[in-house]
Amino acid sequence: MDGGQAFRWRLNESGSWTGIWGQNLVEVCLQGERLEWRRPKQVSVNREEVLRYFAFDPPYEEIIDELPWRSDRFLANAMERFHGLRILRQPLGEALFAFLLSTVKSIPQIKELCELTAKKYGEEIVPGIYALPTWERLARVSEKELRALKLGYRAKYVTQTARMLAEEPDFFSEVEEATYEQARGKLMKLPGVGGKVADCALLFGAGKREAFPVDTWIAKVMASGYGLKDWRLEQVAAFGRAHFGRFAGLAQQFLFSAVREKQQGTKA
DNA sequence: CTCCAGGTGCCTT
DNA sequence: AAGGCACCTGGA
């Protein structure tokens with residue numbers, strides 16, 4: 001919930017989590033093997049949508065088993081330590097927005113930017129809690145206003161991307177239906193979207209589970225653990241997809257969690 | 001005060 | 001194709 005996939009979840013004192021996606025506001029809590037959830041009565045989210053968000057459809061153990069843990073001691077170790085880790089399925093537009101803001105930002109900072117944007121331009125779901133604005137709404141916000149919201153140089157990416165999306169109403173559905181390669185190329189035409197941001201949007205927002213986002217952390221792990229020292233980031237991404245296979249993105253999350261655990265305290 | 005952070009775009013070799 | 005640097009902002 002708080003590992004850098006989604007940025008609108010917070011931990012409650014009781015140990016449950018409250019999260020927002022689309023117009024939905026949900027509180028979830030793990031009771032043993034069961035995920036319990038509830039919503040305010042104003043919110044109409046149903047069980048099916050919750051299951052989809054948590055990607056409970058494909059049997060988890062089968063996906064896990066398909067990763068190359070038998071021949072990859074390094075991965076196997078991370079998988080043991082983080083068993084149960086899964087990929088959330090967020091609305092594509094929201095994943096794109098969050099990762100457009102993510103460059104050179106830590107998780108708490110990305111969360112804050114999302115929060116500020118939602119408060120300012122999003123719809124109020126229940127008193128005091130706001131949805132992220134749609135891209136249509138963002139298209140009507142100036143770069144200057146977004147800079148005032150502390151988006152920095154990312155403000156230009158958001159306004160320009162919003163403008164391009166406005167001219168292509170079917171953009172997101174086309175990305176979701178396209179093959180991974182096609183979808184990635186399509187996303188990378190948007191300003192501020194390079195390979196890493198595109199892969200995050202595809203993995204967390206479009207169900208493209210072969211996407212292998214390479215940030216500096218993953219680049220370091222792949223350099224030290226897999227001998228890919230001094231490789232180009234695009235080459236590391238291609239290696240990841242080839243080596244880890246159909247569910248490379250989940251492998252990436254295991255490795256990512258493992259490095260961040262070691263670096264805990266240095267970064268947030 | 002300087003440096004750099006979970007990238008990208010643009011300008012040079 | 002590959003290397004170098006600026007870009008907002010804030011925290012170390």
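Letters go in sequence order (proteins before strands), and every chain restarts at 1.
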Q. Do any N or O atoms from the side chain of A:E124 and from the backbone of A:G128 form a donor-acceptor pair under 3.5 angstrom?
A. yes
(Q) Heavy atoms from C-beta onward define the side chain here; which of C:dC8, C:dG10, B:dG6 lies closest to that of A:I107? (A) B:dG6
(Q) Does A:R154 contact C:dC7 through a side-chain donor or acceptor facing the base, at a distance under 3.5 Å? (A) no
(Q) Among B:dT8, C:dC8, C:dG10, which nucleotide has an atom closest to any side-chain atom of A:T103? (A) B:dT8
Q: Determine the contact category for A:V197: base if any of its heavy atoms lies under 4.0 Å from a base atom, sugar-phosphate if only primed atoms, P, OP1 or OP2 are that close, otherwise nothing.
A: sugar-phosphate
Q.
Surrounding CZ of A:R81 (heavy atoms of other residues, nucleotides or ligands, distance under 6.0 Å), is the total greater than 12?
A. yes
Q) When the nearest nucleotide of DNA chain B is assigned to A:G195 and to A:V104 on a heavy-atom basis, which residue is associated with the more 5' position? A) A:V104
(Q) Using a 3.5 Å distance criterion without hydrogens, assess whether the side chain of A:Q5 forms a donor-acceptor pair with backbone atoms of A:R86. (A) yes
Q: Nearest-nucleotide wise, let me know which of A:P191 and A:F256 is further upstream toward the 5' end of DNA chain B.
A: A:F256
Q.
Using the side-chain heavy atoms of A:Y157, tell me which of these nucleotides is nearest: C:dC8, B:dG6, B:dT8.
A. B:dT8
**Q.** A:R260 CZ to B:dA5 C1', straight-line distance once rounded to whole Å
**A.** 12 Å
Q. To the nearest Å, how far apart are A:K105 NZ and B:dC4 P?
A. 17 Å
(Q) When both hydrogen-bonding distances must be under 3.5 Å and the geometry is Watson-Crick or G-U wobble, what is C:dC8 paired with, if anything? (A) none
Q. Please give, in whole Å, the distance from B:dG6 C1' to A:F7 CZ?
A. 9 Å
Q: Tell me the partner of B:dC11, counting only Watson-Crick (N1-N3 plus N6-O4 or O6-N4) or G-U wobble (N1-O2 and O6-N3) with both under 3.5 Å; none if nothing fits.
A: C:dG3
Q) Quick one: A:E112 CD to B:dA5 C1', roughly how many Å, whole number? A) 16 Å
Q) Atom CG of A:L101 and atom P of C:dG10: how far apart are they, to the nearest Å? A) 14 Å
Q: Taking only the side-chain heavy atoms of A:K196 (C-beta and beyond), determine which of C:dA2, C:dC8, B:dT8 contains the nearest atom.
A: B:dT8
Q: Flag the pair A:D65 and A:R70 as a salt bridge only when some basic side-chain nitrogen lies within less than 4.0 angstrom of an acidic carboxylate oxygen.
A: yes
Q: Remember a base hit wins even if backbone is also touched, and classify A:L190 as base, sugar-phosphate or nothing at under 4.0 Å, heavy atoms.
A: sugar-phosphate
Q: Using the rule that two of Ile, Leu, Val, Met, Phe, Trp, Tyr join whenever any of their side-chain heavy atoms come within less than 4.5 Å, decide whether A:Y53 and A:F99 are in one cluster.
A: no
